[in-house]
Amino acid sequence: MTHVAVLGAAGRMGQAVCHAVETASDLTLASRLDAGDDAATVAASGAQVAVDFTVPSATEANVHALIDAGVHAVVGTTGWDEDSLGRVRDHLQAANAGRAGAADPQLGVLIAPNFALSAVLAMRFAAQAAQYFESAEVIELHHPGKVDAPSGTAVHTAQGMAAARREAGLAPMPDATETALEGARGADVDGIPVHSVRLRGLVAHEEILLGNPGEQLSIRTDSFDRSSFMPGVLLGIRQIGTRPGLTVGLEHLLDL
Ligand SMILES: NC(=O)C1=CN([C@@H]2O[C@H](COP(=O)(O)OP(=O)(O)OC[C@H]3O[C@@H](n4cnc5c(N)ncnc54)[C@H](O)[C@@H]3O)[C@@H](O)[C@H]2O)C=CC1
Ligand SMILES: O=C(O)C1=N[C@H](C(=O)O)C[C@H](O)C1
């Protein structure tokens, strides 16, 4: 039985994760933490794995506290960049160097911008397709309670596509637009325009548009309900104990 702590337990995702853990026969919900609680206390609750769905401004400190507490982490919170990921990688390396044996297992942290299978596949397909199209843009659409823009998924999608375009030696995308208003062409993520829509009624959606003369490929993922993220989160909880160090992206657990 794996004991699980949930950070951000009072939030939209935290509540869904608590319910998913409570209904899984091989998992026990050891503790629920939210703003004002100390992440270092999760070990005392018996948790071997902690799940973090909090806010971009808090998640990195939470992860470092979890590593210090000797607890594996599964993180869905957005806001990560190469610098913050590098600090977690270094911290894990240092912490794991001093850990050995069954009583002191090697620690793992999984940080995934999106736990929904459709989104993970959409990102993968977008990266595969990117080298074959002159133009590419990303539109992400979310509920208006979302605090960050663009979404972590959109950033990850654009970065994967930009890397594929670079490797294929593609020229910058054609665009002769002279913008009268700043922001009209969206945010620039590694040369890929990313547009953020916030609309009441939405949950989490993304459309990737790829264009060539005379043709267009659209790749779309829709999370209509937060239950879409739960199989991925549970997979992360079940596997993180066997994945020492930092893993970025659920695709690595799906052998994609
Ligand atoms: N990776 C994925 O598949 C998904 C990621 N997300 C991301 O997860 C994060 C949370 O999303 P929601 O649940 O919609 O947000 P939310 O605003 O509903 O919940 C966040 C919760 O974290 C709590 N919190 C704030 N600071 C904290 C701290 N220091 N320690 C513990 N709890 C703290 C808040 O009080 C709140 O209850 C966002 O970054 C969002 O983008 C959301 C959905 C799926
Ligand atoms: O805030 C959300 O809701 C979501 N956040 C993640 C993101 O920023 O990509 C994942 C998903 O899109 C839902």
Side-chain angles (χ1 to χ4, degrees), residues 5-20 31-42 45 47 50-66 69 71 73-81 84 109-123 126 138-160 187 189 194-208 220-237 247-251 253-254:
V6 177
L7 280 65
R12 286 174 287 259
M13 283 298 291
Q15 290 178 49
V17 173
C18 288
H19 178 69
S31 51
R32 301 169 189 252
L33 283 77
D34 207 83
D37 297 331
D38 182 359
T41 62
V42 298
S45 74
V51 180
D52 183 299
F53 279 98
T54 59
V55 288
S57 56
T59 186
E60 186 188 346
N62 285 343
V63 171
H64 288 295
L66 293 169
V71 175
V74 172
V75 181
T77 313
T78 47
W80 293 88
D81 59 21
S84 49
V109 173
L110 167 65
I111 299 176
N114 203 309
F115 281 97
L117 180 61
S118 62
V120 175
L121 288 172
M123 287 187 268
V138 177
I139 306 167
E140 56 95 339
L141 311 92
H142 281 83
H143 59 94
K146 182 167 179 56
V147 294
D148 56 327
S151 71
T153 308
V155 172
H156 203 65
T157 304
Q159 287 173 338
V189 178
V194 175
H195 311 269
S196 297
V197 176
R198 296 290 174 266
L199 203 68
R200 184 68 70 203
L202 296 182
V203 177
H205 316 259
E206 183 174 287
E207 190 154 333
I208 300 126
R220 182 164 174 119
T221 165
D222 293 281
S223 278
F224 301 111
D225 190 275
R226 291 183 178 81
S227 57
S228 60
F229 304 114
M230 295 307 121
V233 173
L234 295 183
L235 180 69
I237 293 170
T247 303
V248 181
L250 188 69
E251 58 271 24
L253 280 62
L254 298 169

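Since the structure is predicted, the reported quantities are computational estimates derived from the model, not experimental observations. Just follow the structure's listing: the first ligand is 1, and inside any ligand the first atom is 1.
- Using a 4.0 Å cutoff on heavy atoms, Arg226 does not count as a contact of ligand 1.
- Using modelled atom types and a 3.5 Å distance limit, the side chains of Gln15 and His19 yield no donor-acceptor pair.
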Item to check | Full working for side-chain contact (heavy atoms from CB on, under 4.5 Å) between His142 and Leu202 | outcome: CA-CA 5 Å; His142 281 83; Leu202 296 182; 5.8 Å; no
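- In the vicinity of Ala10, heavy-atom distances shorter than 4.0 Å reach the ligand 1 atoms 37 (O).
- Ranking the protein heavy atoms by distance from atom 5 (C) of ligand 1 puts Gly76 O, 3.0 Å first.
- For Thr41, the side-chain hydrogen bond (donor to acceptor under 3.5 Å, both in side chains) criterion is met by no residue, not counting sequence neighbours.
- The distance from ligand 1 to the heavy atoms of Ala112 drops below 4.0 Å at these ligand atoms: 1 (N).
- Leu254 and Leu235 make their closest contact through CD2-CD2, 3.7 Å (heavy atoms, listed as atom of the first residue, atom of the second, distance).
- Here NE2 of His205 is found 6.5 Å from CZ of Phe224. Values are rounded to the nearest 0.5 Å.
- Heavy atoms of Thr59 found under 4.0 angstrom from ligand 1: none, in either backbone or side chain.
- Every atom of ligand 1 is numbered from 1 in the order shown, and the set under 4.0 Å from a heavy atom of Asn62 is 30 (N).
- Among protein heavy atoms, the minimum distance from atom 10 (C) of ligand 1 is reached at Thr54 O, 3.2 Å.
- The residue among Arg12, Met230, Met13 with a heavy atom at the shortest distance from atom 43 (C) of ligand 1 is Met13.
- Protein residues with a heavy atom closer than 4.0 Å to ligand 2 are Thr78, Pro113, Asn114, His142, His143, Lys146, Ser151, Gly152, Thr153, Ala204, Phe229, listed by chain and number.
- Remark: the backbone N or O of Gln159 is not paired with any side-chain donor or acceptor of His156 at under 3.5 angstrom.
- Of all the heavy atoms in Ala16 and Arg226, the pair that sits closest is CB-CB, 4.5 Å.
- The backbone N or O of Ser151 lies less than 3.5 Å from no partner atom in the side chain of Asp148, so there is not a single donor-acceptor pair.
- For the atom pair CE (Met13) and SG (Cys18), the distance works out to 11.0 Å, reported to the nearest 0.5 Å.
- Looking at Phe229 against ligand 1, only its side chain comes within 4.0 Å, counting heavy atoms.
- Between Leu7 and ligand 1, no pair of N/O atoms sits closer than 3.5 Å.
- Looking from atom 19 (O) of ligand 1 to the surrounding protein, the closest heavy atom is Gly11 CA, 3.3 Å.
- Comparing Val55, Asp34, Asp38, Val17 against atom 25 (C) of ligand 1, the shortest heavy-atom distance belongs to Val55.
- Atom 8 (O) of ligand 1 has Phe53 CD2, 3.3 Å as its closest protein atom, hydrogens excluded (heavy atom only).
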Please set out all donor-acceptor pairs under 3.5 angstrom arising from side-chain atoms of residues 111-123, sequence neighbours excluded.
residue : atom : partner : partner atom : Å
Asn114  : OD1  : Ala116  : N            : 2.9
Asn114  : ND2  : Thr153  : OG1          : 3.0
Ser118  : OG   : Thr221  : OG1          : 2.9

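- For ligand 1, the polar-atom distance check finds no N/O of Pro56 at less than 3.5 Å from any of the ligand's N/O atoms.
- The backbone N or O of Asp52 sits less than 3.5 Å from a side-chain atom of Thr77, completing a donor-acceptor pair.
- Close approach to Asn114 involves these atoms of ligand 1, each under 4.0 Å from a residue heavy atom: 1 (N), 2 (C), 3 (O).
- At the shortest separation from atom 3 (O) of ligand 1 among protein heavy atoms lies Phe115 N, 2.8 Å.
- Contacts between Ala61 and ligand 1 below 4.0 angstrom, taking non-hydrogen atoms only, are absent altogether.
- For atom 39 (O) of ligand 1, the closest non-hydrogen atom of the protein is Thr78 OG1, 2.8 Å.
- A distance of 11.5 Å separates OG1 of Thr54 from CD of Glu60, quoted to the nearest 0.5 Å.
- Protein heavy atom at the shortest distance from atom 33 (C) of ligand 1 is Ala35 N, 3.5 Å.
- Between the side chains of Glu140 and Ser196, a donor-acceptor pair is found at a separation under 3.5 Å.
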Checklist entry - Can you list the steps and then say if Val155 with Val194 is a side-chain contact (heavy atoms from CB on, under 4.5 Å)? => result CA-CA 8 Å; Val155 172; Val194 175; over 6 Å; no
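- Across all their heavy atoms, Val147 and Pro56 have their closest contact at CG2-CD, 4.0 Å.
- Counting heavy atoms closer than 4.0 Å to ligand 1, residue Pro113 contributes backbone atoms (N, CA, C, O) but none from C-beta onward.
- Residues forming a side-chain hydrogen bond (donor to acceptor under 3.5 Å, both in side chains) with Glu207 (at least two apart in sequence, or on another chain): Arg220.
- In terms of protein heavy atoms, atom 41 (O) of ligand 1 is closest to Lys146 NZ, 2.9 Å.
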